[in-house]
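Computed from a prediction, not measured in an experiment: that's the story for all the values here. In listed order, ligands and their atoms are each counted from 1. Computed from heavy atoms alone, side chains included, the values below leave out hydrogens, waters and symmetry copies.
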Amino acid sequence: MSHLDDPARPAPPLGMLAELTHRCPLQCPYCSNPLELTRKRDELDTATWQRVFAEAAELGVLQVHLSGGEPALRQDLEALVASCAEQGLYSNLITAGVNIDRARLEALAEAGLDHVQLSVQGATAPINDHIANQPGAFDKKLAFAREVADVGLPLTLNSVIHRANLHQIPELVELALDLGARRLEIAHAQYYGWALENRGALMPPREQVMEALALVEAARERLEGKLVIDAVVPDYYARLPKPCMNGWGRQSLNVTPAGRVLPCHAAETIPGLTFLNVREHGLGEIWYDSSAFNAYRGTAWMPDTCQSCERREIDWGGCRCQALALTGEASQMDPVCERSPYHDEIQTLAIVDSKRDDDFTYRRFSRQSA
Ligand code: FES
């Protein structure tokens with residue numbers, strides 16, 4: 001029986017993150033890309049990405065997030081956007097907004113781009129530029145955001161939040177309103193990959209986090225119908241795990257610049273999994289049949305405590321990469337869960353890290369990805 005006739009087969013994915021390149025002009029200390037970056041010469045070429053988009057549409061994907069690194073460093077970005085449009089895929093460009101001029105933005109809109117998600121590292125130039133380690137970046141981002149509005153594309157503002165910018169949440173809300181964004185995503189730094197190196201510089205104290213969440217809640221109510229604000233309690237201070245990726249292999253997949261297909265951004269940190277490559281395998285085969293996508297799909301893999309928990313199909317066991325980073329085993333309970341034997345330990349760890357005074361270790365791409 002093929003998976004198409006199998007009633008127990010997984011649903012098709014809805015979204016695909018297309019990581020077009022790891023190259024990036026910024027040097028954020030919480031960079032979520034892997035420690036080992038893909039070089040330019042090893043990136044998928046235009047024709048392969050176009051085939052992948054066709055396979056994604058065939059599989060049932062509705063939205064493609066064109067991401068990186070900085071996707072605008074790909075000279076073929078317009079052709080890739082056009083290819084998404086041809087396949088009927090909604091395209092979202094995730095950009096740092098420091099290297100796209102008006103002519104290029106118009107060309108991207110002309111090619112069929114549907115949405116822009118702009119990252120900001122802070123709500124003011126000194127903080128933004130310090131975190132990105134790039135003088136002048138904030139002014140370029142503001143100018144870009146105004147061009148996005150001018151060209152008529154919908155805009156989401158995304159800010160990764162940590163100790164150095166958490167106090168700016170009210171200003172980020174004002175900035176989003178000022179720039180005409182429809183959505184503001186307040187994403188707490190996730191501590192795997194490069195961010196793990198910087199936990200002692202990034203981890204905020206619990207009281208500051210709780211105050212910030214109260215401010216977000218008040219802003220959400222005040223701005224209902226005007227601005228959507230997404231924010232969740234950061235993992236280390238939560239009692240319940242988040243449904244990472246809405247469940248492993250449930251709704252979305254990531255394609256790396258080199259063509260490996262992952263169930264989540266950090267999946268390559270998990271030892272023992274083999275990730276198939278779109279150069280040799282079809283996206284449908286990878287989604288339905290590959291061992292990596294089936295490793296933590298559903299609930300059968302879960303430890304007993306999770307299997308018997310009424311939230312097992314709400315949080316889907318939390319985050320595998322975090323379980324690995326904090327316990328050494330990807331199949332452990334996510335220690336964010338208060339039922340995990342590691343829960344108290346990570347809360348203590350967060351308190352200790354929030355009191356450290358480390359400097360940022362910046363992510364320098366140029367030497368690794370040329
Ligand atoms: Fe890999 Fe959460 S980041 S499962």
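In the model, Gln322 has no side-chain atom that pairs as donor or acceptor with a side-chain atom of Lys242 under 3.5 Å.
Residue side and main chain included, Cys319 places an N/O/S atom under 2.8 Å of atom 2 (Fe) of ligand 1. Among the atoms of His265, no N, O or S atom is found under 2.8 Å from atom 1 (Fe) of ligand 1. Here Cys244 does not reach atom 1 (Fe) of ligand 1: none of its N/O/S atoms is less than 2.8 Å from the metal.
Relative ring orientation between Tyr30 and His162 is described as tilted, the plane-to-plane angle lying within the 30° to 60° band.
Taking the side chain as every heavy atom from C-beta outward, Asp334 and Asp315 never approach each other to under 4.5 Å.
Annotation: cation-pi geometry satisfied between Arg297 and Trp287 (NZ/CZ under 6.0 angstrom from ring centroid, within 45° of ring axis).
Between His188 and Tyr236, the gap from one ring centroid to the other reaches at least 6.0 Å.
Draw a line from atom 1 (Fe) of ligand 1 to SG of Cys264 and another to SG of Cys321, and the angle between them is 100° (to 10°).
If you check which protein heavy atom lies closest to atom 4 (S) of ligand 1, you get Arg320 N, 3.3 Å.
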